[in-house]
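Note sheet for the following structure.
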Amino acid sequence: MSGFKPNDFNDRMKAAADARRAMIEKFRARPGDDDPAVAAQRAERLAISQAREAREAARKAQREAEAKAAEEARIAREAEEARLAAERAAQALKLEAEQKAARDARYAARKARR
């Protein structure tokens, strides 16, 4: 049975050089910027980005429209509440005037009996 034979220094250096050479070849084999596949991929990414920006703009416009509608509803509700409060105040003044007139009439009738 043969024993374990560790790699010597030259074998390790050769393996490291082969690994470096393989990485360089892999890097050189990459397509360049003028390659049609790269240009198509770049165009696809640009289209996706533009679609995303359009969706975000639509969502933002929707949120702004909803906020504006909510603000208008709040203003209308406050105006209605103010109108109702004014009506109640007018009714209270009218009732107070009627009560005062009735009180004055009773007072005048009591004075007239004397």
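Just so you know, these numbers use all the heavy atoms, side chains as well, and skip hydrogens, waters and symmetry mates.
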| query | To the nearest 0.5 Å, how far apart are CD in Gln41 and CG in Asp35? | reply |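 With rounding to 0.5 Å, CD (Gln41) is 10.0 Å from CG (Asp35).
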
| request: Answer yes or no: are there more than 12 heavy-atom neighbours, outside Glu96 itself, under 6.0 Å from its atom CD? | output: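 It does not: Glu96 CD has 12 such atoms or fewer within range.
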
| said: So Leu46 and Arg42, do their side chains get closer than 4.5 Å, heavy atoms only? | reply: no

| message | Is there a side-chain contact between Gln99 and Leu95 in this structure, where contact means two heavy atoms from C-beta onward sitting under 4.5 Å apart? | response | yes

| query | Passes salt bridge (charged side-chain N to carboxylate O under 4.0 Å, His left out), Arg77 versus Glu80? Steps please. | reply | CA-CA 5 Å; Arg77 188 174 51 246; Glu80 180 66 18; over 6 Å; no

Carboxylate-amine/guanidinium proximity below 4.0 Å for [X] and [Y]:
X: Asp18; Y: Arg21; answer: yes
X: Glu87; Y: Arg83; answer: yes
X: Glu71; Y: Arg74; answer: yes

| request: Not counting sequence neighbours, which residues clear salt bridge (charged side-chain N to carboxylate O under 4.0 Å, His left out) with Lys100? List them please. | output: Asp104

Side-chain donor-acceptor distances from residues 47-66 under 3.5 Å, at least two apart:
unit_1 : atom_1 : unit_2 : atom_2 : d
Gln62  : NE2    : Glu66  : OE2    : 3.0

